[in-house]
Each structure stands twice: as structure tokens, then as C-alpha cells.
Amino acid sequence: MPGRKIPLVTDEIYHVYNRGINKQPTFTTKKEYQRAILAIEFYRVSSPPIRLSKFLELEQDKQKEITKITNQAEKLVDIICFCLMPNHFHFLLKQKMEDGISKFIGNFQNSYTRYHNTRNERDGSLFLDQFKAKRIETDEQFIHVSRYIHLNPYTNFIVRTVGELEKYPWSSFSNYLTGNDGFLEPNLVLDMFGSREKYKHFVFDQADYQRKLKLIEHLILE
């Protein structure tokens, strides 16, 4: 992965995203999405004791031991929210240690690419070499980027209605609504709203506007 001109700073929050080479599909089946989410959870810490592929071959009791160790390890990033799409992904991340974001994205992409290539009998890179990262500078940017990420399946017509976002399984939006937070850190966003229901209304309020912008972005972007 090429060096980054502008360093990513520890304790800062970034919108991080990347896509498949030539916009090719990266997540094409339920199993591929599920494996990607496993990789997100597994590689968010600094020193996983083994590779995810080896972890998944272990007996259940041994997996529980490894999971306990992993959950106690120092984190590379706080995963505030995410969304996986057919040919790209989005994260809202807080870097927890030096080079944390780069290590997390590198480990996630490498692990998933190995799985995807084996499954699809292909070789070579799956994602662009350099992921994009935009620093969040204000609270307003913070909450609006979280909404942008969670609206992606609707904006890109992966789901037909805004209500279907609540059941889209490959993003953190359902976690935000149900309270099943898992490996996520949603309270950094939710604390600004007072309740999960208020955040839901915030997301839905701009859904149609964001979809309309998507329809004309080829006319307004260089």
C-alpha cells in the first residue's frame, strides 16, 4: 500500500472508504458479506493471535478462548459505523494508536481479498491500493457523515425504500436502532441525539434528498 502524504492522527476521526479495482464487485454473496464483517471485527485490534482463516478452523471452545483474548487486546480503531456495498465500503473510524487506521484497513482488505480470491478462483488485488480518508473536523460533519454512510444502500438503490434500511444486514444502521452494538462504538454518535429513535428520524429525514443528489452527481462532479 503506497505511503500516505497526509498522516492519519491518533484520536482523530476519519471517514474511510475504498472500492474495487475498476469498480468491480467486491462483495457478491451473503457468505462474502458475512466473511467481511468477521474480518472487520477480528482485525480491529492491534495483535490478533492468529489469522482469521486459521481461527475459523478451530474448535468452538478454542475460538471462545481466542475471542476473549482479542476482546481484551488494544484496539487499532474504534469502529463508529460502517456500510458494505457491492463494490465499495465506508467506515467512520477513530484512530486509537499510531498507524491504527492503515493497519486495520490493510489487514481487513488483505484477509478478505485472500478469501474472495480463493472462493472465486482469481489472483491479484481486489481493492484500490490507496484507500481514501477524510478527517472529521466538526460535530456537524460527524453526524452528517454517519447519516451519509447509513443511507448508502438507499442512495445507490440497493434497497428500494428507506424503511428497508432498517433490515439491511451489511451496515451498522440496524445495530444503531436495536442496541445490539457488538464491536461498534455507536454512542459517539447517539449521545448527540439522546435516543436511537431520534437518530433514526435524523437519518430518514434527508434520505430522498441524498438519493436525488446521487442521481445528478455525474453532472456536478469533475
Side-chain angles (χ1 to χ4, degrees), residues 1 4 6-21 23 25-27 32-46 48 52 70 74-113 115-116 125-139 141-156 158 165 168-177 180-190 192 199 203 210:
M1 188 176 295
R4 186 170 297 278
I6 300 175
L8 302 176
V9 180
T10 299
D11 291 327
E12 293 293 320
I13 296 172
Y14 295 86
H15 176 204
V16 176
Y17 49 102
N18 203 1
R19 62 173 174 82
I21 293 173
K23 299 184 179 179
T26 51
F27 311 109
E32 289 183 354
Y33 279 104
Q34 289 173 333
R35 181 56 174 261
I37 291 176
L38 284 175
I40 291 168
E41 179 175 10
F42 195 79
Y43 288 109
R44 76 193 192 281
V45 301
S46 61
L52 176 59
T70 301
E74 190 173 5
K75 290 188 292 184
L76 295 170
V77 294
D78 279 339
I79 302 172
I80 300 166
C81 66
F82 73 92
C83 185
L84 303 179
M85 298 288 285
N87 67 358
H88 68 281
F89 62 76
H90 293 270
F91 289 103
L92 193 55
L93 302 174
K94 182 175 183 179
Q95 181 160 284
K96 300 295 289 182
M97 62 172 62
E98 186 176 356
D99 294 327
I101 288 177
S102 294
K103 291 176 182 176
F104 165 68
I105 295 295
N107 290 339
F108 162 65
Q109 290 187 167
N110 290 338
S111 174
Y112 178 75
T113 297
Y115 169 80
H116 180 89
S125 298
L126 179 63
F127 298 98
L128 295 178
D129 285 343
Q130 186 69 274
F131 63 86
K132 304 291 186 182
K134 305 292 185 182
R135 187 171 70 88
I136 302 300
E137 299 180 2
T138 67
D139 287 348
Q141 286 180 354
F142 182 53
I143 59 175
H144 283 282
V145 169
S146 78
R147 174 165 64 185
Y148 169 82
I149 290 172
H150 284 147
L151 281 175
N152 243 248
Y154 180 71
T155 304
N156 290 275
I158 303 301
L165 281 173
Y168 185 75
W170 318 124
S171 90
S172 52
F173 189 53
S174 62
N175 304 86
Y176 271 59
L177 302 185
N180 180 23
D181 297 335
F183 59 84
L184 301 168
E185 299 290 342
N187 288 336
L188 294 172
V189 172
L190 293 174
M192 297 184 177
Y199 179 72
V203 171
Q210 185 167 306

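Note that the numbering runs from 1 along the sequence shown for the chain.
- Between the side chains of Ser146 and Tyr199, at least one donor-acceptor pair of N or O atoms lies under 3.5 Å.
- Side-chain contact between Phe173 and Asn152 is absent, with no heavy atoms from C-beta onward closer than 4.5 Å.
- Asn87 places a side-chain N or O within 3.5 Å of a backbone atom of Lys23 that can act as its donor or acceptor partner.
- The pair Arg44-Glu185 fails the salt-bridge criterion, with no side-chain N (NZ, NE, NH1 or NH2) lying under 4.0 Å from an Asp/Glu carboxylate O.
- Distance check, rounded to the nearest 0.5 Å: CE of Met85 to OG of Ser171 gives 9.5 Å.
- Between Tyr112 and Phe27, the ring planes are tilted. Angles from 30° to 60° get that label.
- Side-chain contact of Thr26 with His88: a donor-acceptor pair under 3.5 Å is absent, judged by distance alone.
- In this structure, the side chains of Thr70 and Glu41 stay at 4.5 Å or more apart for every pair of heavy atoms.
- At a threshold of 4.5 Å between non-hydrogen side-chain atoms, the residues Leu126 and Gln109 do not count as touching.
- Note that the CG atom of Leu93 and the CD1 atom of Ile13 stand 9.5 Å from one another [nearest 0.5 Å].
- Ala36 and Phe108 get closest at one heavy-atom pair: O-CE1, 3.5 Å.
- The shortest side-chain heavy-atom distance between Phe82 and Ile149 does not fall under the 4.5 Å cut-off.
- Distance check, rounded to the nearest 0.5 Å: CG of Asn107 to CD1 of Ile40 gives 12.5 Å.
- Here the straight-line distance linking atom CG of Leu188 with atom CG of Leu92 works out to 8.5 Å at 0.5 Å rounding.
- Between Lys94 and Asp11 the shortest heavy-atom distance is CE-O, 3.6 Å.
- Interatomic distance, CD of Gln95 versus CG of Asp78, reported as 11.0 Å (0.5 Å rounding).
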- prompt: Going through the checks in order, is the ring-ring contact (aromatic ring centres under 6.0 Å, His included) test met by Tyr168 and Tyr154?
  reply: CA-CA 10 Å; Tyr168 185 75; Tyr154 180 71; over 10 Å; no

Worked check of side-chain contact (heavy atoms from CB on, under 4.5 Å) between Ile105 and Phe127: CA-CA 11 Å; Ile105 295 295; Phe127 298 98; over 6 Å; no

- prompt: Is there a side-chain contact (heavy atoms from CB on, under 4.5 Å) between Val145 and His90 once you walk through the steps?
  reply: CA-CA 10 Å; Val145 169; His90 293 270; over 6 Å; no

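- How far CG of Asn175 is from SG of Cys81: 10.5 Å, rounded to the nearest 0.5 Å.
- When every heavy atom of Val45 is checked against every heavy atom of Leu76, the shortest pair comes out as O-CD1, 3.4 Å.
- Residues Ser172 and Pro186 form no side-chain contact, since every pair of their non-hydrogen atoms from C-beta on lies 4.5 Å or further apart.
- In plain terms, the two heavy atoms of Thr10 and Met97 that are nearest each other are OG1-C, 3.3 Å.
- A donor and an acceptor atom, one from each side chain of Gln210 and Thr155, are located under 3.5 Å apart.
- Annotation: side chain of Glu32 is in contact with side chain of Tyr115 (closest heavy-atom distance under 4.5 Å).
- His150 has its side chain out of reach of Leu165: every pair of non-hydrogen atoms, C-beta onward, lies at least 4.5 Å apart.
- Of the residues Phe91, Tyr14, Phe42, the one that meets the ring pair (Phe, Tyr, Trp, His ring centres under 6.0 Å) test with Phe104 is Phe91.
- Two residues are said to be in side-chain contact when any heavy atoms from C-beta on lie closer than 4.5 Å; Gln34 and Trp170 meet this criterion.
- Leu128 approaches Asn18 most closely through the heavy-atom pair O-ND2, 2.9 Å.
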